[in-house]
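Residue indices begin at 1 and follow the sequence shown.
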Amino acid sequence: MLDIAPGSGETLFRFTMYHLTCGQDQVPIAQNVTVVEGSTANMTCRVEHNDNTSLQWSNPAQQTLFFGDKKALRDNRIKLVRASWKELTISISEVALSDEGQYTCSLFTMPVKTAKAFLTVLGVPDKPEITGVAEPATEGDQVTLTCLTSGSKPAAEIRWFRNDKEVEGIREVNAMGRSFMVRSTLQFQVDRSDDGVAYTCTVDHVSLSTVPQQVTEVLQVHYAPHVEIMHSLLFPQEGQYFKLECVSKGNPLPEPVTWTKDGGDLPDEERMIVEGTELIITTLNKTDNGTYRCNAQNFLGMDYGEYKLYVYDPNVIAQHGPDHGLIGGVVAVVVFITLCFIIVLGRYLARHKGTYLTNEAKGAEDAPDADTAIINAEGNHAHAEEKKEYFI
């Protein structure tokens, strides 16, 4: 039988309740942490009530990192941030993927109480690389562009852009230890419209925040020339300065271009001057009439454009200029017809209105309103027609 001294019962009750309460509150609390590879992770363990019991942090391998304020593991990256009876916070700098795992905070009561915190390390993807554009392609070829990035965790997303328009690639993911290698491929047949097009590979990943990594390559496509001839005058006249421009497109650019007239050389080198892709005739005359051809070629082929030149007599152009008198006459006729139509339409509307008013008057005697008056008037008119007699 327990012998309790007088007056000590209340003290024992308070002592028991205190320890029961403290026992319930002596539960360590820790939270999961997510950091980017290479940054610093802070691991914090707290307890609401502590009767001078030590806290301890252990790594996923159950190696003690800190016991209270005492460091237990020789790792210069792990440092003490704060140690008290209610909190133990440590930091791990230059976090690596190998640091990921479940860490344990222990409170050495009887029995020992623990809290778990999972450290997640995000692997940063390497800057992407595009392969397949080292050599110029030839129009009609099948081209394969590949974008590759490694080191991401979780696996990164790759997006392709043709200039500013997104295009779909084929994605492939391979595990490389704790991280992933991601590859995306574009396959297509090239034509001349692909020459000079920028293809951009963009890597999206949670570790990159709002700034994705990307790389851009410009595709080169070789293709045969295409030629068009532009002229400076619509109606070339004798004595005028005249210019033909040979607009040639091709890759490689077809240079130089050559000019011929009617299948032969240019007949007058003093008046017909070739400057780059232009043919200049300083002073036109009738002898310049004929077919002019511009020839352009590169190693993939040849093309040409033709222009048929006809030099007009300035006097003939003046005689066949626009007949202002005729134009004025046509305009006058159109105006007259329009006015006549308006007058006829006005007279028709006026007569129709007058008939309406007359009929309304005829039927208004016994009608309660204007519409009934019209109906009555039309009825009376019909009866009058039936009473007509015809004499022969």
Side-chain angles (χ1 to χ4, degrees), residues 133-143 162-165 167 188-199 217-327 330:
V133 292
E135 298 294 333
T138 301
E139 186 173 27
D141 285 352
Q142 287 287 338
V143 170
R162 185 185 187 272
N163 288 335
D164 295 327
K165 183 179 180 181
V167 292
F188 55 96
Q189 186 177 35
V190 297
D191 57 29
R192 60 189 61 201
S193 66
D194 289 305
D195 184 44
V197 170
Y199 283 87
E217 294 287 351
V218 177
L219 186 62
Q220 294 187 46
V221 180
H222 286 165
Y223 57 95
H226 175 72
V227 175
E228 293 182 1
I229 295 179
M230 310 295 292
H231 50 87
S232 61
L233 297 173
L234 185 60
F235 297 105
Q237 303 175 35
E238 287 184 287
Q240 287 184 328
Y241 175 94
F242 186 66
K243 180 173 68 176
L244 294 176
E245 182 181 2
C246 182
V247 181
S248 60
K249 297 180 180 179
N251 190 9
L253 187 66
E255 289 182 341
V257 299
T258 58
W259 287 94
T260 61
K261 178 179 182 292
D262 296 328
D265 295 336
L266 299 176
D268 191 340
E269 295 184 356
E270 293 184 359
R271 287 188 308 109
M272 299 180 177
I273 303 171
V274 176
E275 292 184 353
T277 60
E278 297 179 347
L279 171 59
I280 299 171
I281 303 177
T282 56
T283 308
L284 287 173
N285 60 48
K286 286 287 186 178
T287 62
D288 297 328
N289 291 343
T291 301
Y292 292 80
R293 173 182 286 192
C294 168
N295 299 287
Q297 68 176 21
N298 60 20
F299 72 92
L300 290 172
M302 186 270 291
D303 192 27
Y304 65 87
E306 290 186 340
Y307 176 80
K308 292 184 178 181
L309 174 62
Y310 180 82
V311 181
Y312 291 87
D313 186 336
N315 298 323
V316 175
I317 291 290
Q319 292 176 4
H320 290 81
D323 191 340
H324 297 287
L326 178 60
I327 295 174
V330 171

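Expressed to the nearest 0.5 Å, how far CD of Glu245 lies from CD1 of Ile280 amounts to 10.0 Å. Rounded to the nearest 0.5 Å, atoms CD (Glu306) and OG1 (Thr260) are 7.5 Å apart. Glu278 CD to Cys294 SG: the interatomic distance, rounded to the nearest 0.5 Å, is 11.0 Å. Taking CG of Asn285 as the reference point, atom CD of Gln237 lies at 13.5 Å (rounded to 0.5 Å). With rounding to the nearest 0.5 angstrom, the SG atom of Cys246 is 10.0 Å from the CG atom of Leu279. Note that the OG atom of Ser248 and the CD atom of Glu255 stand 7.5 Å from one another [nearest 0.5 Å].
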Take Ile281 and Tyr292, measure what side chain to side chain contact (heavy atoms under 4.5 Å, CB included) needs, and give me the verdict at the end.
CA-CA 12 Å; Ile281 303 177; Tyr292 292 80; 4.0 Å; yes
Kindly indicate, with the supporting measurements, whether the criterion side chain to side chain contact (heavy atoms under 4.5 Å, CB included) is fulfilled by Asn298 and Tyr223.
CA-CA 9 Å; Asn298 60 20; Tyr223 57 95; over 6 Å; no
Please lay out, stage by stage, how Val197 and Asn163 fare under the test side chain to side chain contact (heavy atoms under 4.5 Å, CB included).
CA-CA 6 Å; Val197 170; Asn163 288 335; 3.8 Å; yes
Go through the steps to decide whether Glu238 and Leu284 satisfy the test side chain to side chain contact (heavy atoms under 4.5 Å, CB included), and finish with yes or no.
CA-CA 5 Å; Glu238 287 184 287; Leu284 287 173; 5.6 Å; no
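Taking 4.5 Å as the limit, some side-chain heavy atom of His226 sits within range of a side-chain heavy atom of Arg192. In this structure, Pro236 and Tyr310 have side chains that are not in contact, with every pair of non-hydrogen atoms separated by 4.5 Å or more. Residues Val227 and Tyr304 have side chains not in contact (no heavy-atom distance under 4.5 Å, counting atoms from C-beta outward). For the pair Pro252/His222, a side-chain contact is recorded, criterion being any heavy-atom separation below 4.5 Å from C-beta on. Residues Leu309 and Phe242 have side chains in contact (heavy-atom distance under 4.5 Å, counting atoms from C-beta outward). Contact annotation: the side chain of Tyr241 never approaches that of Leu233 to less than 4.5 Å [non-hydrogen atoms, C-beta and beyond].
More than 12 non-hydrogen atoms from other residues, nucleotides or ligands lie less than 6.0 angstrom from NZ of Lys286. Summarising the local packing, OH of Tyr307 is surrounded by more than 12 heavy atoms from other residues, nucleotides or ligands at distances under 6.0 Å. Other residues, nucleotides and ligands contribute more than 12 heavy atoms inside 6.0 Å of the NZ atom of Lys261.
For Asn289 against Asp262, the heavy-atom pair with the smallest separation is O-OD2, 4.2 Å. Residue Thr138 comes nearest to Val221 through the heavy atom pair C-CG1, 4.2 Å, listed as atom of the first residue, atom of the second, then distance. When every heavy atom of Ala137 is checked against every heavy atom of Val143, the shortest pair comes out as CB-CG2, 3.8 Å.
In terms of the ring-ring contact (aromatic ring centres under 6.0 Å, His included) criterion, residue partners of Phe188 (sequence neighbours excluded) are, by chain and number, Tyr199.
Exactly one of Arg162, Gln220, Gln189 qualifies for a side chain to side chain donor-acceptor pair (under 3.5 Å) with Asp194. That residue is Arg162.
For residues 265-275, the side-chain hydrogen bond (donor to acceptor under 3.5 Å, both in side chains) pairs, not counting sequence neighbours, are Asp268-Arg271, Arg271-Asp288.
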